[in-house]
Number of protein chains: 2
Amino acid sequence: MQISWDDLKTVMSVVRHGTLSGAAQELGVNYTTIARRIRRAEETLGLHLFDRLPEGYQPTEPALNIAAHAHQMEMSEHNLMRTLQQAGPPLSGGLTLTAPPLLLTHFLMPVVEAFTDLYPNIDLTVLARNDVLDLTRREADIALRISTSPGDTLKGLRLLEQNTASFANADIANRIAQDPDTMINWVLYTLHAKLPSPLSKAFPNNRIRMYCDDMSTMVSAAQAGLGVVRMPMFIGRSTTGLVQVPVLPPQPYPDIWVVGHADLWASPKLTAFRNVLVTHCKANRALFVA
Amino acid sequence: MQISWDDLKTVMSVVRHGTLSGAAQELGVNYTTIARRIRRAEETLGLHLFDRLPEGYQPTEPALNIAAHAHQMEMSEHNLMRTLQQAGPPLSGGLTLTAPPLLLTHFLMPVVEAFTDLYPNIDLTVLARNDVLDLTRREADIALRISTSPGDTLKGLRLLEQNTASFANADIANRIAQDPDTMINWVLYTLHAKLPSPLSKAFPNNRIRMYCDDMSTMVSAAQAGLGVVRMPMFIGRSTTGLVQVPVLPPQPYPDIWVVGHADLWASPKLTAFRNVLVTHCKANRALFVA
DNA sequence: CTGCATGCATGCGTTTTTGCATGTATTGCA
DNA sequence: TGCAATACATGCAAAAACGCATGCATGCAG
């Protein structure tokens, strides 16, 4: 029975941040997981590593020792990564990504930024499309899709679950909060061309103000105060001026997947992109669900 | 999405041994687990780490790179362990272990040897008893027990599952193999004072030669050729001169536990002993089951 | 050439790990 | 003093990791 290297890394992270939550954020897991790993490390080593204080985890001396040595291990890891990077030819050539426009504008920009920073020799092409491109014809190398299944012939990875909810601008939100009986104007997506079904009973007066086939336009309409729009929560939450209104409780919505060729899936370029992508998704999962 | 440190360690181990099975043995897990960790590492890094040959896993150059850096990390880990050892006062004082005699003689000797080597300042007392000592009265600090539950008031850890089977010396085994109708003489434990129930139909002639209340004596009887004895498989397999005979198919038998005071359970001394113990159990699990 | 041993791939059921929901304590601020 | 925010503990359900059984390929000894 030996101590796990990942548990040493966890101890180091808690020493660094002083809190479970901080370490959890750094490592991209839930803080309860951190707590359990610490407990496991303590049991394995037979040492008391942290004092549990209301304001955080206070490291004992052995914990500081572990952190110092884990830091050395971390440096070895970083050296390794540099070596591996330089060993192969630097990643270069083209890479074509396709994703729904609103996902790109409201969520993926940091991914694109980090990726182009990390791999400056890759020529990244971004195709902002709501229609599904044919990856088998190389219309794109990798795609982000909102659907319930990854597709049969392609390789895929489920990145995020998400919900929809109702959003409006601050004025309307205030009006609704103060008078639940006020008339609620809806801007509906033509694909779901009727009022959402489980409308909260607390808001009896609803009418359809307009239909629209483009979600970007609907977001603008909501900002301009034309009414309430049902949209994926990540859009409403990351659009300035919009706040959630309780008219429609959060609803399930198809997941977000990353898919690609089975052939190219394991290639260094696609793997590199996925790593950046998955990290960002893990760190922001709460943005997408109720 | 970052590479797991434990996966780096796994890659290093496979590079060292050249086979999944070798690495699995070193790390104390099943070889399929090793295969999955390697695959995961390859997917995470986007690199082909090993050529799968029929005679083993042949490392590629990036795998050798990983192994070299993981070796550095391993040295840091060893430094850490030395530091932690020396930081606290060296473990000393008394430690009393109790265990069934046959488990001690046939399986635990390497544990005792390794532990006393590692912690020369601890005075280890071994009480070889088949009766259950009262740990709450400090008759012993830690106990190995063969039972179906760890006990209520004590802390416990299930170490091993095990089976019983029928064993005899080579002469008798040969006779049975050549003539299934030969008379089979049983030496029975007084606690289960009748012929085992699911006797194989292929061996119709059985009789009871003697009863005995002590398993050590029964083992000697089997060695001397007095007949067939049902015993835990680890005993039969680790006794020179005994071989398994198919008269009685392997039967379930209570698990092996290590138990101790809840208060002392987390203490450095007991933890140190458990670590040595668990390592030895993991490496020899196959000795105990059919 | 056959039998046997070693090593690996794959599908299935179980165990372990992880995440989530709820509840408590403390701090800071109104 | 009361309310919101932060940090943690704990019980439960979902997800991931793991071990095992089976089957195939190769190498070696008889």
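Just so we're on the same page: letters track the sequence lines, and every chain starts at 1. Please read all numbers here as calculations on a predicted model, not as lab measurements.
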Can you name the residues that form a side-chain hydrogen bond (donor to acceptor under 3.5 Å, both in side chains) with [X], not counting sequence neighbours?
{"X": "Ser4(A)", "result": "Asp6(B)"}
{"X": "Thr10(A)", "result": "Arg37(A)"}
{"X": "Trp265(B)", "result": "none"}
{"X": "Thr60(A)", "result": "none"}

Can you tell me which residue pairs pass the salt bridge (charged side-chain N to carboxylate O under 4.0 Å, His left out) test with a partner in [range], sequence neighbours excluded?
{"range": "residues 270-290 of chain A", "result": "none"}
{"range": "residues 64-74 of chain B", "result": "Arg16(B)-Glu74(B)"}
{"range": "residues 240-249 of chain B", "result": "none"}

Which residue lies toward the 5' end of DNA chain C, Arg52(B) or Lys282(A), if each is placed at its nearest nucleotide?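 Per heavy-atom nearest nucleotide, the more 5' residue is Arg52(B).
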
Take the protein atom CZ of Phe50(A) and the nucleotide atom P of dC8(D), then report the distance between them rounded to whole Å.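 Going from CZ in Phe50(A) over to P in dC8(D) covers 11 Å.
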
Rounded interatomic separation in angstrom, taking CD1 from Ile34(B) and C1' from dC20(D):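 Distance, rounded to whole Å: 16 Å.
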
Check the interface with nucleotides 10-16 of chain D: list each N/O to N/O pair with the protein under 3.5 Å, or write none.
none

For DNA chain C, which residues of residues 56-66 of chain A approach it to below 4.0 angstrom with any heavy atom?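 Per residue number, the list is empty: none.
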
Along DNA chain C, 5' to 3', what are the outermost nucleotides having an atom less than 4.0 Å from a heavy atom of chain B?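 Nucleotide range in contact with chain B: dG7(C) to dT10(C).
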
Who are the ring pair (Phe, Tyr, Trp, His ring centres under 6.0 Å) partners of Phe50(A), not counting sequence neighbours?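 Expected list: Tyr57(A).
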
Of all residues at least two apart in sequence or in a different chain, which pass the ring pair (Phe, Tyr, Trp, His ring centres under 6.0 Å) check with Tyr253(B)?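 None.
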
Option passing ring pair (Phe, Tyr, Trp, His ring centres under 6.0 Å) with His280(A) (candidates Phe115(A), Phe273(A), Phe107(A)):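 Output: one option passes, namely Phe107(A).
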
